[in-house]
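Numbering of ligands and ligand atoms starts at 1, following listing order. We use all heavy atoms of the structure for the numbers below, so side chains are in, but hydrogens, waters and symmetry mates are not.
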Amino acid sequence: MRIVLLGAPGSGKGTQAGLLKADLNIPHISTGDLLRAAVKAGTALGVKAKSVMDSGQLVSDDIVLGMLEERLAQPDARAGFILDGYPRNLAQCEALQHLLERLQQPVDVALQLVVPSEMIVDRLAGRAAAENRKDDTPDTVRERLRVYAEQTAPVAGFYEQQGRLTVLDGVGELRDVYQRILSSLPRRAA
Ligand code: AMP
């Protein structure tokens, strides 16, 4: 099963992807995590990406696609994957589509978690305190939400046109949201 998880920063994608990964036994591939690992390791790419991430902007499409391609080439991704944080704009949608066509592994379903923006801001403030993420400061959060609305929100339409989009209410207890996700999955995955 190949799943794309969509939703604003702080909509709970990462947490839900962690649960799905354990239940479906497929990797959770977060481009944000891949980038943070590169920053931590101090690779050339990480150095380049760091200031962009800290400002709340999107890292260049080429860099992220290269990282994703490398990750998808690893053997564990052959069984499927949960993609979190990619695609983040329409160019990335096209790039992913081409990449997965080449790998003969098309996306099965795009799941969008919808959470009202006031709730998102509160959640991200909580995460800033808990995880000490530099890009969870109020100014950067505002910028990330702006970038989301402008560039990432249209991604849902891309999958809707393909008849692959499922929109879910992301508000509520973590386990309740997870149950909504499980019940929405095509039967062979649930
Ligand atoms: P995330 O953990 O998904 O919120 O990502 C954290 C930051 O990493 C984002 O604000 C971007 O700067 C960068 N990032 C993650 N995924 C992508 C992507 N698909 N395209 C461009 N930048 C990304």
Next on the checklist: Around atom CD of Q161, are there more than 12 heavy atoms from other residues, nucleotides or ligands closer than 6.0 Å?
Outcome noted: no
Checklist entry - Would a hydrophobic clustering, with Ile, Leu, Val, Met, Phe, Trp and Tyr connected at side-chain separations under 4.5 Å, put I63 with L65? => result yes
Checklist entry - What part of L35, side chain from CB on, backbone N/CA/C/O, both or neither, has a heavy atom under 4.0 Å from ligand 1? => result side chain
Checklist entry - Where is the nearest protein heavy atom to atom 5 (O) of ligand 1: which residue, which atom, and how far? => result R88 NH2, 3.4 Å
Next on the checklist: For ligand 1 and T31, I'd like to know whether there is a polar contact (N/O to N/O, distance under 3.5 Å).
Outcome noted: yes
Next on the checklist: So, 4.0 Å and heavy atoms of K13: is ligand 1 close enough to count as a contact?
Outcome noted: no
Next on the checklist: Taking distance alone, with N or O pairs closer than 3.5 Å, would you say G85 contacts ligand 1?
Outcome noted: yes
Checklist entry - Does an N or O from D84, backbone or side chain, lie closer than 3.5 Å to an N or O of ligand 1? => result no
Item to check | Expected output: side-chain Y148 to main-chain P9 donor-acceptor under 3.5 Å | outcome: no
Item to check | Single-linkage hydrophobic cluster, 4.5 Å side-chain cutoff, L34 and L103 together | outcome: yes
Next on the checklist: Quick check against the 3.5 Å criterion: does R2 have a side-chain atom that pairs as donor or acceptor with the backbone of I82?
Outcome noted: no
Item to check | Within-cut-off N or O pair, Q57 and ligand 1, under 3.5 Å | outcome: yes
Item to check | Single-linkage hydrophobic cluster, 4.5 Å side-chain cutoff, L174 and L185 together | outcome: yes
Next on the checklist: So if I count the atoms of ligand 1 from 1 in the order they appear, which ones are less than 4.0 Å from some heavy atom of D135?
Outcome noted: 6 (C)
Checklist entry - Is it the case that one hydrophobic cluster holds both M67 and V39, taking links as side-chain heavy atoms less than 4.5 Å apart, direct or via other members? => result yes
Next on the checklist: Below the 3.5 angstrom mark, is there an N/O of P87, backbone or side chain, next to an N/O of ligand 1?
Outcome noted: no
